[in-house]
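Notes follow the structure.
A, B, ... follow the sequence lines: proteins, then strands. Residue 1 opens every chain.
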Amino acid sequence: MNQLEKHSLSFLQFVFIIAGIQISIAVLSTPREVSLIAGTDGWITIIIGWLITSIPSFVVFKIMQRSSEGTILDLLRKKLGRWIAILFTLIMAVYLGAMAYIGLLRTLLIIRVWLLQNTSPFVVLLLLFIPTYIVAREGPKLLGRYAEVIFYFLFWLPLVYLLPMKQGRWLNLIPIAKEGWGPILSAVPGVLFAYTGFSVAFFLYPHLTNKQYAGVGILLANTITMATNLLIAIVCFMYFSPNEMVEINQPVITVLKTIQFKFVERIEVIFISLYIGIYSLVWIPCLYYMAYCLNWVRNGSGERKYLIGLLILIGIGTYIFIPTFNQSDWLEHHLTNFGIVVEYILPIAIWICLVINERMRQEGQPG
Amino acid sequence: MYGKSLTRGFRKYRGPKARIQPADSDSLEANLRLNQERLKQIFSNTPDLIHRHFILKANQCQALLVYLEGLSDKNAINRDILHPLKQSAAEINEENDFPATIGEIHRVSGWQQIERLLFAGYSILFVDGQSLAYGCGTQGWPQRAIEDPQLETSLKGAHQGFVETGSANIALIRRYIQNRELKIKEFTVGARSQTRLSILYLSDVANAHTLGVLEDRIRKLDVDAVINTGELAELIEDSPFSPFPQLILTERPDAASSQILQGKFVVVVDRSPSVLVGPANFISFFQSVDDYSTRWTIATFIRFLRLLAFFAAILLPAIYIAVVSFHFEVIPMKLLSTIGQSRAKVPFPPYMEAVFMELTLEMLREAGVRLPAPVGQTVGIVGGIVIGQAIVQAGLISNIMVVVVAFTAISSFILPNYDMGAAVRLVRFAMMLFASLFGFVGIVIGLLTLIAHLLSLQSLGVPYSTPFGPVRFSDWKDTMVRLPLWLMKNRPTSSNAQQDKRQGDTGHQEGDKSK
Amino acid sequence: MRKSMRITMILLMFLLFLLFLLFLSGCGDKIDLEEAAVPLAAGIDLDENNKLRFYVSNPVFGDKSNDVQQYNIPVTSLRESRSLQDAYTSGALEGRNYQVYVVGRKLLQHEDWFKILDVIFRDARNTVLDRMVAFDGPVEEMFAVKPKEQPPLPAILRGMVDSKSKRGTTVLTTLQDMHRQIYEEGLTPVLSEVDYDSKQKSFRLLGTALLTHKGKYAASLGYQESVLLNLLKKKATKGVNLSFAIPGEPNADVFELDRASFGIRKIKTKIVSSYSDNRFRFRVQMKVSAALTEQLFKYDIQKHADILEAQLTQQMQDQLEKLIRKFQRNRIDPVGFGIYARAYQYQHFKPLEEEWGEVFSHAEVDFDVHVKIISMGTIR
């Protein structure tokens, strides 16, 4: 069995890895982010963002169609030369590392604010590394299974948001486009962050068993992300009045605070803990693929070394310095811009390069 | 690759040849006296080796019959060997038919083989003037009658359990699968124990690759002895550090047979009353034979109970600790005062309380297992009274904790597989630790670790956690639910069978009703 | 494989070491239930010198069941109150389990008192689902009631609010709801209101307290008015009861025999907003399916159901109009007409958002009520 067969991914695993990254990177911040600019019309922005994301998603699929044997890195080396490939690899490594770090950081900060106020985040981080290492060391095969199982275990989490909906008011949502379409459109770049993550398809594609459905898979993942974000955003908009929405740091969690059952007085404690499961879907694959990129550049023999190195690095970094919420917002803001470049512009650029390259080769051939 | 790591523990030995002194020269002499001396030299201090000298009438020469007392059937020797030999007129030599009325005759010329046959219960006939001995199949050792399985009792299933004789166990399985595709591969393992292992499988169903993995691992074993099936399981399993059993041990022939029919492999270990089934997956530890003989709706309900019990047994004490010492805001007001009242007198923090109680429970269980049944009952009564009543009244443990412990105890005993139950108990302590340090965060991270670990496990190279990860929906018919048998037309994909289909359209079709 | 096992071994060692370390360092967030003081009821009010005072009722877990500690502490801010309370209790005080939060009438006389509660929303561990109750009188009086004469204060108050709000005779406002109402421009806050009946030695639910947008007390509503308010807010669930005096029916002696009551089986409320002549106009349509529960006068419903229906309709409409006039007089909008205005007349509403109470007092509200009797009970 070669590597590709051993690590084959089913269609749903492929979808869930991508959707997992997308959802967990921004599910908590999206409703507030869009409402800051677009107010209660933010849900339209989410849909627009989804439509826009379809374009680079499709481009990613088109690029990868040229490479069934290796990942994007092998393709680039073959078609555009070693140095461009290495440049791209390094960009991806930095980008994925940033995603993983932001994901971990968010988790730690949220645990610190909502659950364990006096426990050192460093200790929690070490704890988080246990499942991370177990999954990431095994590579794509286990990433897929893990994403799939976590999805089935926790897919009902967003459905709980239907409970506060009863107390919400549909009237908050109308009139549609109350301030015109300007704010709605200007919130779009921010919302694209909620869809970043589909570029791991670059790396997952060769493992996919049914490659012809890869494009549909990415779109499906986008749609799952869109539906989740949309549901949660609409519930938040309905529950909080437009003025209150911007007053609250994490409306997505605050909404949960208002759910009460006969047998459990406050469910948000349990839910935020369960959210850790969803969050883990961003940093585990991202860390693995960062290690993969680094390993590829060095032509190394295994990702595991790099993975351990990365974990130690993040551990030490966190021990020394933990960014505050504001700093993490700042990081997230810059990551958004970085993500737009890497995931939206870069694939299109690569595709154009590849097409030109192929044309030139065709012309170069006699006849 | 695998064998290397396996033998690490035995590294100081240099293989069987270095450990066991070989004979100087292997072949027999043509002289009875020399052979006898050699025999005495090999079997020094072996009083149970019986020597019987007599004169062979036909050959008109001395003969010697040796056998190990207790391993051989004395009646058979007297009746079927000594009697005919003394009466027979036919000469005994290489060509002639051996006159004894015994089914199995080996003609042997090497001492090593003689040694092996003697230990296996054969009786050996030496004839003066021949450099050849005759091994007669007179095995007959102390045997237990076939009884109800002890560990895996069943309400409606068969009441025959495996016994300590490998051949009898194989026969028990053959009674269920009367098909020529049931193949048996034999191995001998253990330099000193010479244990016979037999791999049973359906050659047109079971996956050849998995068979290769299994054979490979068994072949690479280099140990002194394999006393028990459990030892074998530990030696050949995939992840020795995991708390979870990766191979099923069963003492039920019907369970083993149904696993073979699913395309799995069964390893029968001679002298051990349980057999090994692999590749196993997580959910198969939740299935019991009775599930298939009760109505499917009830079986489904029981499956749900077991899964619920699995999670309760792992999580309940942990949740109690997390709630009481981290997140008491989740407790409703009325319960809050109940718990508060019962905790108020207790001098220990909740996690110590929980660990203390769980340990007590484990001790009681362990004490009950090892003691004879009447004494075991006493332990139960003492435990019941001491733990249920006195400890609460003394104010050492809160009564809520007693309820929690009792519930988890029952939960962990619901699991039909003993090994899985034991694993669950171990994991429970880890969860309690996590919960006592980090509350719900600890529990969730513990759960994630558990999921990740289960997903990364393999059994004989086959994913352990199928059909949940990788998800195979077609296999879910026989997991958390147990759908009617006539719906399970294919073998579970988790066993990687060559032949998917296991039954045609069996019963319950539209047409049936009109008849 | 061998290498990976060695790594696993190293990791396991590391893990054990880590856990050992954790045990040594202990965990900062652990606080066992019996070591914490978990007050179930809190109250704030101003004392006679206009100083803020904070009250807690704190169950004591111990030999004597139902024992409760109650304190009243002068504070300048609620955060400070926590350390002050800590001084009184044996355990560390945790504000995670409040069931009710009582505000005194005197505090409600002032604007912007809600801002004091900031700490509750800022600290994530605090509950925000405690029922907020306005107390008609000094809160000190409420917390002075000894629990021997009563079920524990938190239990009785929470039970009162929860069950009565289901029947529509008051509103259920949690702290989070209060926060929402304060931040919602098109709505003014409402609280459930309670007082202490010193003769009966018992707490009593009065109905609903209406506040202005800044949180100042404006007016109170009785049971029937509260029910009507809930109907307008579309909060009333099925089964609320209304009772009316039918004019023209004779009274006898001391008994008022002109009463007719009905339970609402089904109600459809529709509010339509419009804007013209520089004022907002609202049209409220109510279709009520009623089941008679009480009728003290003799009446042949089978023949003349329509007449009774018309009378009930008239009565209900009158009371609703009176209620709206009460709101407008006090410049409040507890129903949330402003939300309709924002949704449908956004351009007109947005500039007036800040002073909606004032604007609403000039609005015109029309009613179109229709009561239909669908059941008359088991007797004629």
Minimum-distance pair of heavy atoms, taken over all atoms of L116(A) and F438(B): CD2-O, 3.8 Å
Closest non-hydrogen atom pair, V444(B) against G277(A): CG1-N, 4.4 Å
Distance (rounded to the nearest 0.5 Å) between R145(A) CZ and L454(B) CG: 11.5 Å
R266(A) side chain to V330(B) backbone, donor-acceptor under 3.5 Å: no
Interface moiety of Y152(A) toward chain B, non-hydrogen atoms closer than 4.5 Å: side chain
Pick from G439(B), S465(B), P463(B), G442(B) with the largest number of heavy-atom pairs that fall under 4.5 Å of chain A: P463(B)
From CD (E329(B)) to CD (E265(A)), nearest 0.5 Å: 10.0 Å
Enclosure of F407(B) CZ (heavy-atom neighbours >12, cutoff 6.0 Å): no
Closest contact, heavy atoms only, Q458(B) versus K141(A): NE2-NZ, 3.8 Å
More than 12 heavy atoms of other groups within 6.0 Å of F11(A) CZ: yes
Side chains of S273(A) and I443(B) in contact at under 4.5 Å (non-hydrogen atoms): no
Minimum heavy-atom distance V135(A)-A452(B), with the two atoms named: CG2-CB, 3.3 Å
Approximate separation, where rounding is to 0.5 Å, of I134(A) CD1 and T449(B) OG1: 5.5 Å
Segment of I150(A) engaging chain B (4.5 angstrom heavy-atom cut-off): side chain
Flag if over 12 foreign heavy atoms under 6.0 Å of CZ, F153(A): no
Derivation and outcome, side chain to side chain contact (heavy atoms under 4.5 Å, CB included), residues F440(B) and I270(A): CA-CA 7 Å; F440(B) 277 135; I270(A) 300 164; 3.8 Å; yes
More than 12 heavy atoms from other groups under 6.0 Å of CZ on R112(A): no
Smallest separation among heavy atoms of I130(A) and F434(B), with atom names: CD1-CZ, 4.4 Å
H327(B) vs L115(A), side chain to side chain contact (heavy atoms under 4.5 Å, CB included): CA-CA, chis, key distance, verdict: CA-CA 9 Å; H327(B) 307 289; L115(A) 296 171; 4.2 Å; yes
F261(A) portion near chain B, given a 4.5 angstrom heavy-atom threshold: neither
Chain B contact via I111(A) - side chain, backbone, both or neither, heavy atoms under 4.5 Å: side chain
Which atoms of S10(A) approach chain B - backbone, side chain, both or neither, heavy atom under 4.5 Å: neither
Among I284(A), L127(A), I276(A), side-chain contact (heavy atoms from CB on, under 4.5 Å) partner for L448(B): I276(A)
Contact class of I331(B) relative to chain A, heavy atoms under 4.5 angstrom: backbone
Gap separating the CD1 atom of I451(B) from the OH atom of Y146(A), nearest 0.5 angstrom: 6.5 Å
